[in-house]
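Below is one structure; the comments refer to it alone.
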Amino acid sequence: MMDLLAQATPPSDSSPFWSAPNGSSHLVIGIGAALLLGIGLIFLLLQAPVRSRRWIVALFTFLAGGYYVLYFFWPTAIDRQPNDLPRNPMEGVTFWISDAFPIVSTFTNVLAGFLLGLGIYSLWRVHGRRIVKQQKDWFFSFVLLASSVMMAFIGYADWHSRQGLNGPLLANKANWHPINYAFDFFFEGGLQQMDAAMFSIIAFFILSAAYRAFRIRSVEATVLLATALVVILSLMGVITNAWQSGINHLGGPDAFVQNFSLDTIRTWLTNTVQTPSIRGIDFGIGIGSLAMGLRLWLSLERTGS
Amino acid sequence: MSTAQTTLGEKLQSLPKPALYLVLILLTSVPLLVKITIPNKEAKPSANFYTMVTGTVDPTFPAFTTSIDATKPVLIQTDWTTSTRGESAGQFKSLMRILMIRNIKFCFYSAGDPQAPQVALDYISDINEERVKAGLRPYERWKDYVDAGYFPGAEAICNAIQNNFGTAFKNVQDQDAEGAESSVFESPVLKGVRKVSDFSVMILVTGSNTSNIAIERIKSVPMIMMVTGVMGPETQVYYDSGQLKGLVTGLKGLYDMESLMDKDPQFKGKVTTLDNGAKYYPTLHIALLLMIIAIIIGNVGMFMTKKRAA
Amino acid sequence: MNETYHTWRLTFSVLATVGLYSVLYRENKFYRFFEHLFLGLASGYTMVALWTETLYSQWWTPMVGSHLDPVTHKGADANGYWAYMALLPLGLMAYLVYSKRHNWISRIPIGIILGFWSGQQVQVWWNRYGPQISDSMKPVVPNAFHYVDAQGATQFSLLSPPATAVAQPGAIFGTTALSNLVFVLTFICALSYFLFSFDVKNKLLNGMTTSGRWLLMVGFGAIFGSTVMMRFTLLIDRMYFIWIEWLQDRILPLFLHR
Amino acid sequence: MGAQYLDTGWIAEAFTAMLVLFVLFNIWRAENAGKTGKEVYIRRIPGLNAIDEAVGRATEMGRPVIMVPGLPDYVDAIVVQAMNIFTYVTRIAARFSNPILVCCYNASVFTVAQEMIRDVYQQEGAIERYDQDSVRFISDRQFAFAAGVSGLILREQAAATFFLGNFYAESLILAETANSVGAIQVASSTQNTQTPFFIAACDYVLIGDEFYAASAYLTRQPVLVGSLVGQDWAKISVITMVLLGLLTTSIQIQGKTEMEKVASGPSKGTFAHVQVLSNPADPKSPMVDGPPRQMTVADTFMYRMLNPLPRDIKFHDEKAGTFERPQKPATNPATAAGGGQ
């Protein structure tokens with residue numbers, strides 16, 4: 001087990017049991033066995049008594065979180081060189097934790113990858129039902145599913161064409177095949193630009209909300225809008241410059257009045273009041289997520305159904 | 001009180017929304033045609049970022065002189081896509097121009113968005129076209145820079161990079177000169193890189209909160225960042241505590257970088273210095289003025305109606 | 001072919017942008033079409049990136065290993081680790097959420113991901129907040145009152161010296177100490193606003209928490225100002241894209257030449 | 001080497017372990033208090049008074065109360081706590097048989113909300129007044145959801161609106177529409193960047209942890225209450241540490257580095273004593289006691305405790321730094337790419 005999670009060792013001398021050369025029968029059998037092992041685990045869980053279900057989920061969560069907590073609290077090896085061997089069992093565990101780290105961190109990526117399919121599946125279920133039952137706006141659901149299938153097909157075809165020898169050739173557009181043009185048209189021309197449109201539409205809402213709803217209704221709103229005004233004015237080069245030339249009329253470069261240039265006010269406000277205030281909020285959130293992390297890790301939190 | 005005043009108070013508070021939107025569209029379009037340069041005073045975090053990557057010390061902040069060793073490669077985490085193109089694209093392009101002029105090799109990856117590596121490659125090819133027109137050699141993939149692709153789960157990859165960069169990027173492949181996929185460690189960029197501290201600096205260009213995730217996990221290499229306006233104040237906290245050695249925030253930060261490049265003989269005349277920042281900054285003035293006027297009109301209208309009612 | 005393709009692509013992008021902006025006037029069919037097209041393309045691309053950017057390099061390649069291509073001598077002889085396949089059933093458990101009797105099993109993969117997240121909260125807490133605690137310990141008593149001005153004369157001053165003066169390193173002058181005091185008071189008031197486990201009776205503590213809420217507003221005001229800059233910049237970029245990159249550089253030249 | 005960073009010396013593990021113990025101990029204390037009937041105290045935050053006032057006004061005017069538990073991807077802890085607060089609001093509205101409306105962003109939130117709202121009417125013995133349509137699934141797309149809820153606010157002429165939970169950019173549309181119908185608005189967003197817009201547009205905003213405090217106060221769940229008290233202890237320990245650091249730093253920077261030299265024999269890098277390279281050009285040269293100079297913040301006790309030398313660089317003192325470890329047998333000279341630390 002130690003060697004499985006310590007795959008940092010170069011392949012030539014990695015363990016014969018856990019790994020096998022590419023395409024070898026040992027590898028194929030191993031993969032089949034792992035799959036069967038996993039499916040066997042699922043069937044085993046199907047039979048699990050109702051009472052123990054909460055504990056099974058809690059155990060998986062505890063083990064997953066436990067690795068990172070152990071990684072933090074276990075003393076790290078000082079000045080470790082590539083070919084070092086641990087001096088004592090304690091340091092052996094340290095080496096194992098550190099070597100296993102990139103492998104464990106890919107577990108998060110891979111599982112998140114598998115779960116992504118869940119989101120896509122529920123999208124297809126909702127819109128598929130709307131088309132089949134010809135409900136209101138079924139045509140738009142058809143547009144959604146059709147463009148999704150088209151993009152998936154074009155995306156794979158484009159990625160596939162960029163593998164292998166002619167990869168760098170596709171760097172310049174001259175040798176593009178139709179599939180590359182199609183992918184660029186829908187990816188760069190469609191998806192990316194619509195993304196930008198949705199992000200920028202919020203500027204309109206900010207303006208209308210500012211005009212209709214941002215009122216000096218309380219001390220808080222006043223302090224907030226005053227600070228925002230100073231920040232906005234200091235972002236505008238013209239105003240900062242005009243204010244500065246006004247100040248320069250009143251006093252030379254070393255004069256006391258220089259302390260009241262817009263830039264100095266803004267810098268003082270940022271360093272002396274804004275940073276500690278946001279640091280206070282940040283600490284509130286940080287300690288809050290630490291507590292929520294502990295509650296979730298030890299499955300103390302009751303979440304939903 | 002005459003009824004005329006109430007209607008004025010009421011009228012001030014009830015301009016129709018479509019009219020407001022139309023005014024905003026006009027005021028963000030017309031000024032784009034006008035080319036005026038705005039006087040600018042660089043903020044300290046932007047100047048520190050500039051000194052870090054270019055080595056040129058900004059006279060207004062003489063105390064800060066740390067800068068990176070141009071022979072070592074740079075690690076870039078680029079998490080932005082076209083959705084924040086307005087700020088991030090300009091920031092990324094100015095960074096690319098600086099690194100390419102100084103012949104600094106870099107490896108970039110993304111932990112924020114599957115589309116981000118593709119977007120970064122597109123902008124690098126734009127800068128290459130610009131360099132070819134200016135008579136400079138284009139930056140070549142594999143020899144000068146490497147694309148390590150996308151890693152879902154920013155927490156995982158940042159932890160892995162800090163723990164052991166060699167194994168974190170062990171399976172990462174990129175197209176070498178002949179087009180076949182081979183390990184990035186064979187590329188001239190990452191030759192001899194084992195730990196994250198072998199990089200001269202780690203630069204994050206992001207439009208989301210991957211900045212917090214990287215700061216929490218990566219600590220054996222100096223870090224500087226280019227973030228969008230929304231993440232500015234939150235990331236400023238890390239600049240003040242020394243966890244960040246430089247910070248470029250939003251369009252103002254971008255314009256700081258561009259005006260510094262414009263004054264720097266390393267870049268002046270050799271490559272475009274004033275780009276998105278200089279184009280958008282004047283128009284931003286007018287949009288912000290409109291915003292301030294809108295708040296003032298709204299509040300004046302409210303006070304007038306409240307005064308009449310009192 | 002390249003130029004006309006680029007013009008067609010830009011026209012499609014402008015059409016899509018205008019389509020999405022039309023919701024500002026009122027919700028309409030033109031907007032709904034582009035919104036669904038947008039969601040379709042996004043979910044389609046997620047399915048692509050799911051394999052090409054994640055599972056292929058992080059799960060499939062380490063599992064099946066790779067071999068040296070005899071023709072091009074590219075790639076490397078790497079062993080495959082068969083144990084990776086055990087992750088697939090773990091992932092598939094999530095799809096049991098749709099079965100009435102066994103949907104509890106779907107909480108296992110989600111539990112594992114939540115476990116990884118919560119374990120890291122403990123691991124990273126200090127990295128993020130340690131340096132900030134250390135930076136918040138600012139000295140509030142000045143330790144220097146003299147500086148050497150540009151002409152070389154030593155000056156007595158409670159205020160921090162002008163930029164041209166020279167003072168010994170690490171000197172804390174009167175005004176810096178005062179600013180540090182404001183810094184620490186703001187930090188403590190802001191943090192004490194989030195204390196819930198005891199009732200604040202005496203005047204001083206009560207004053208601290210209410211002023212804490214006002215000081216928080218300074219932080220939020222800065223976030224507000226900076227966010228407004230970003231949103232307007234993104235809009236200006238869209239306008240630049242439509243009027244300059246599309247209309248001026250692409251469409252007008254077509255008509256003017258004819 | 002990025003030495004200017006703080007490497008986690010013993011202080012990191014100790015301080016984090018202390019915070020973890022605070023939270024777990026208080027959760028245990030709250031669980032026990034629950035059994036013995038003695039309550040762990042948390043104060044009633046002003047936000048709850050604002051909620052009562054908003055619901056009161058809505059019942060006076062007989063116009064509906066509209067509640068939105070945020071825009072989550074799935075039912076997470078934040079949605080459940082938002083619904084806890086909504087059940088409290090619904091209980092008051094049910095007593096005065098005032099209409100309510102809960103708008104949900106996805107199917108799983110919709111099912112949970114329906115269950116919890118029906119339970120409230122059951123407990124109030126007013127099940128016949130429970131209206132099936134009072135909990136609605138609007139849409140699972142951000143801006144379509146915002147448009148749908150705004151339409152409801154305008155058509156129903158809502159008197160009070162509650163926006164609690166994960167809100168993003170669409171919060172502006174909701175707050176502005178509710179403002180246009182003159183509704184009292186109580187809001188809270190877990191997103192830092194959305195809170196300023198809520199503050200500017202709404203009547204009362206629960207900031208950050210206040211949201212959790214409100215739901216803990218209403219539900220009295222021992223885990224939530226205990227965790228909240230544990231977090232308070234953690235915040236107080238941060239405040240005391242900062243004050244302690246403030247005092248020691250202010251005192252220490254008055255003195256000179258030489259003056260603080262420890263009496264008992266040669267001191268190796270003690271906190272008060274600053275060592276410098278005997279020959280600054282050669283990093284390998286031995287360390288000697290630096291000339292006396294004004295103490296800076298970086299020389300003080302607290303700074304050196306919180307920013308220990310990064311552990312994985314060799315100590316200047318030859319003996320302590322190097323660790324002879326047995327070497328791996330070099331079976332194959334050509335180690336493959338990317339192996340080892």
Side-chain angles (χ1 to χ4, degrees), chain C residues 20 23 27 31-32 35-36 39 76-78 97 110 114 122-123 125-127 129-144 168-172 177 180-181 184 187-188 191-200 213 216-217 219-228 231, chain D residues 5-6 8 11-13 15-16 19-20 40-43 45 74 141 143-144 147 169 192-193 195-197 199-200 207-210 213 216-217 228-229 231-233 235-236 238-239 241-246 248-251 253-254 293-300 302-303 306-307 336-337:
Chain C
L20 291 175
V23 77
E27 223 276 346
Y31 165 76
R32 224 170 296 166
E35 193 197 358
H36 282 74
L39 286 168
D77 262 340
V97 74
I110 293 169
L114 280 181
V122 175
Q123 179 217 346
W125 195 86
W126 182 266
N127 281 357
Y129 295 102
Q132 294 188 47
I133 294 179
S134 164
D135 176 66
S136 301
M137 298 177 180
K138 293 183 186 291
V140 291
V141 175
N143 73 349
Q168 89 260 50
I172 307 280
N180 290 348
L181 187 64
V184 175
F187 177 65
I188 288 173
L191 197 51
S192 65
Y193 175 76
F194 295 109
L195 295 177
F196 306 110
S197 60
F198 48 86
D199 212 347
V200 173
R213 187 171 171 99
L216 288 178
M217 294 307 148
F220 283 122
I223 293 176
F224 179 93
S226 206
T227 307
V228 163
R231 294 297 176 189
Chain D
Y5 271 101
L6 156 84
T8 46
I11 186 79
E13 277 90 352
F15 197 81
T16 315
L19 299 192
V20 168
V40 171
Y41 175 80
I42 52 171
R43 68 184 167 91
I45 54 164
Y74 50 88
R141 297 191 316 281
F143 287 107
N192 237 349
T193 49
T195 310
F197 296 104
I199 292 171
I207 301 175
D209 288 356
E210 276 190 303
Y217 182 86
L228 211 61
V229 174
Q231 287 170 48
D232 273 11
W233 289 20
K235 288 168 195 160
I236 293 166
V238 167
I239 290 176
M241 196 162 182
V242 166
L243 286 178
L244 203 65
L246 182 112
T248 54
T249 310
S250 301
I251 295 163
I253 58 166
Q254 305 306 331
R293 60 169 170 73
Q294 185 73 32
M295 286 272 277
T296 62
V297 173
D299 307 326
T300 56
M302 279 304 247
Y303 185 88
L306 292 173
N307 303 295

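Here is the naming used below: chain letters follow the sequence lines, and residue numbers restart at 1 for every chain.
- The shortest non-hydrogen separation linking D/S250 to C/P139 is OG-CA, 3.4 Å.
- Listed options C/V184, C/T227, C/D135, C/V140 were ranked by heavy-atom pairs under 4.5 angstrom with chain D; first place goes to C/V140.
- Between the side chain of D/D209 and the backbone N or O of C/F194 there is no donor-acceptor pair closer than 3.5 Å.
- Neither the backbone nor the side chain of C/L181 comes within contact range of chain D; no heavy atom of the residue lies under 4.5 Å from a heavy atom of that chain.
- For D/L243, the part lying near chain C is the side chain, with the backbone staying farther off; criterion is any non-hydrogen pair under 4.5 Å.
- Atom CD1 of C/I188 and atom NZ of D/K235 lie 15.0 Å apart (nearest 0.5 Å).
- Looking at heavy atoms from C-beta onward, C/I133 lies out of side-chain contact with D/M302 at the 4.5 angstrom threshold.
- Using a 4.5 Å cut-off between heavy atoms, D/F15 touches chain C through its side chain atoms alone.
- Although no hydrogens or angles enter the test, the distance criterion places no donor-acceptor pair under 3.5 Å between the side chain of C/S136 and the main chain of D/V242.
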Checklist entry - Which is it for D/I207 and C/F220 under the side chain to side chain contact (heavy atoms under 4.5 Å, CB included) test, yes or no, and what are the steps along the way? => result CA-CA 10 Å; D/I207 301 175; C/F220 283 122; 3.7 Å; yes

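- Contacts between D/L246 and chain C at a heavy-atom distance below 4.5 Å involve backbone atoms as well as side-chain atoms.
- For D/R43 (side chain) and C/L195 (main-chain N/O), a donor-acceptor pair under 3.5 Å exists by modelled atom type.
- Residues D/T193 and C/F224 are not in side-chain contact: their nearest non-hydrogen atoms beyond the backbone lie 4.5 Å or more apart.
- Formation of a donor-acceptor pair under 3.5 Å by the D/D232 side chain with backbone atoms of C/F196 is found in this model.
- Annotation: the span from D/T300 atom OG1 to C/M137 atom CE amounts to 9.0 Å, rounded to 0.5 Å.
- Residue contact with chain C, scored on non-hydrogen atoms closer than 4.5 Å, involves the backbone and the side chain of D/I253 alike.
- In terms of heavy-atom pairs under 4.5 Å with chain D, the best-connected choice from C/R32, C/R213, C/K138 is C/R213.
- In this structure, the side chains of C/Y129 and D/V238 stay at 4.5 Å or more apart for every pair of heavy atoms.
- Looking at C/Y193, both its backbone and its side chain come within 4.5 Å of chain D, counting heavy atoms on both sides.
- Counting heavy-atom pairs closer than 4.5 Å to chain C, the top-ranked of the candidates D/V297, D/T195, D/T248 is D/T195.
- Heavy atoms closer than 4.5 Å to chain C are found in the side chain of D/L19, but not in its backbone.
- With rounding to the nearest 0.5 angstrom, the OG atom of C/S134 is 5.5 Å from the OH atom of D/Y303.
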